[in-house]
Amino acid sequence: MAYWLFKSEPGSWSWDQHNAKGKSGDEWTGIRNYQARNNLRAMKKGDRGFFYHSGEGKEIVGIVEVARPAHPDPTDKTGEWVSVEIRPLHALPKPVSIAAIKAEPRLKDMVLVRNSRLSVQPVSAEEWRLVSKMGGLGQ
DNA sequence: GCCAACGTTGGC
DNA sequence: GCCAACGTTGGC
């Protein structure tokens with residue numbers, strides 16, 4: 001299983017809104033960046049992802065699951081871009097802020113630290129484990 | 001509000 | 001194909 005990180009401005013789309021979708025999940029549309037598209041294409045059903053709030057909050061707030069792999073983005077007329085469907089699994093008991101991530105030397109190579117602008121990021125298994133632990137999820 | 005980092009655009 | 005200019009993102 002692979003791990004990912006989805007970034008969103010809570011002003012445009014927040015974890016609460018996403019969580020309200022429940023098990024039905026939601027289309028993750030509007031990605032118009034090649035690096036992010038490559039990541040979307042690499043996703044498989046059942047992969048897990050962090051849900052990160054940029055701008056306001058600047059913290060990882062929840063866990064999602066890829067419910068449907070990459071397919072043409074319904075909001076794109078050119079057919080060049082793809083979206084995936086993700087569904088919320090649960091919130092983190094303790095949100096993990098970017099400050100906490102930067103303060104952890106073992107997370108210094110996280111894409112979130114290296115390239116915070118990338119909207120869909122890969123997360124290593126080790127990073128996933130550490131951040132989950134910091135977020136209050138026992139393992 | 002500032003500014004660094006990054007991606008994209010367009011002239012050559 | 002190079003690179004300067006520009007717009008956008010996002011942390012601080």
Side-chain angles (χ1 to χ4, degrees):
Chain A
M1 185 196 314
Y3 303 101
W4 309 95
L5 182 143
F6 298 86
K7 217 181 46 178
S8 182
E9 289 241 21
S12 3
W13 186 251
S14 72
W15 167 255
D16 284 343
Q17 282 172 288
H18 188 65
N19 204 35
K21 291 273 179 177
K23 286 205 172 76
S24 62
D26 191 53
E27 285 273 353
W28 201 256
T29 59
I31 303 299
R32 301 291 184 268
N33 169 284
Y34 290 102
Q35 236 182 310
R37 186 181 71 177
N38 288 342
N39 290 331
L40 288 178
R41 283 183 169 162
M43 288 182 191
K44 295 195 170 57
K45 188 179 174 179
D47 282 356
R48 299 294 162 92
F50 287 132
F51 194 107
Y52 176 75
H53 276 171
S54 66
E56 228 173 287
K58 297 191 267 297
E59 57 192 11
I60 294 171
V61 290
I63 309 279
V64 299
E65 179 187 50
V66 177
R68 185 185 171 201
H71 53 279
D73 184 337
T75 68
D76 169 43
K77 291 189 184 76
T78 71
E80 198 184 343
W81 303 99
V82 299
S83 65
V84 298
E85 235 176 85
I86 58 175
R87 67 183 185 92
L89 290 184
H90 47 80
L92 280 189
K94 290 185 298 179
V96 179
S97 71
I98 194 161
I101 288 168
K102 285 186 167 174
E104 169 52 69
R106 285 173 292 177
L107 294 176
K108 69 172 171 35
D109 286 329
M110 263 192 92
V111 181
L112 195 61
V113 176
R114 297 268 162 150
N115 181 11
S116 62
R117 292 187 44 171
L118 185 59
S119 53
V120 179
Q121 311 178 354
V123 173
S124 77
E126 179 64 11
E127 289 160 357
W128 181 269
R129 198 186 59 79
L130 254 169
V131 172
S132 298
K133 202 170 166 187
M134 291 162 71
L137 295 175
Q139 242 172 347

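Computed from heavy atoms alone, side chains included, the values below leave out hydrogens, waters and symmetry copies. In the text below, chain A, chain B and the rest are named by the order of the sequence lines, each starting its count at 1. Since the structure is predicted, the reported quantities are computational estimates derived from the model, not experimental observations.
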Interatomic distance where CD belongs to A:E9 and C1' belongs to C:dT8 [whole Å]: 11 Å
Ring geometry between A:W15 and A:H18 (parallel below 30°, tilted from 30 to 60°, perpendicular above 60°): tilted
Euclidean distance, atom CZ of residue A:R32 to atom P of C:dT9 [Å, nearest integer]: 13 Å
Side chain to side chain contact (heavy atoms under 4.5 Å, CB included) evaluation trace for A:E80 with A:Y34: CA-CA 10 Å; A:E80 198 184 343; A:Y34 290 102; 3.0 Å; yes
A:W28, A:F50, A:F6 screened by side-chain contact (heavy atoms from CB on, under 4.5 Å) with A:V64, the one that passes: A:F6
Distance below 4.0 Å between A:Y52 side-chain N/O and C:dG11 OP1 or OP2: yes
side-chain N/O A:K58 vs C:dC12 OP1/OP2, d < 4.0 Å: no
Nucleic acid contacts of residues 108-119 of chain A, taken as heavy-atom distances under 4.0 Å to DNA chain B: A:R114, A:N115, A:R117
Residue pair A:T75, A:R32: steps toward the side chain to side chain contact (heavy atoms under 4.5 Å, CB included) verdict: CA-CA 11 Å; A:T75 68; A:R32 301 291 184 268; 3.2 Å; yes
Rounded interatomic separation in angstrom, taking CD from A:E59 and C1' from C:dC12: 16 Å
Whole-Å gap separating C1' (C:dG11) and CD1 (A:I60): 15 Å
Atom pair distance, as rounded to whole Å: CD1 in A:I101 and P in C:dG11: 10 Å
Interatomic distance, A:E127 atom CD to A:K108 atom NZ [nearest 0.5 angstrom]: 10.0 Å
d(CD1, A:I98; C1', C:dT9) in whole Å: 12 Å
SB check A:E27 A:R68 (cutoff 4.0 Å): yes
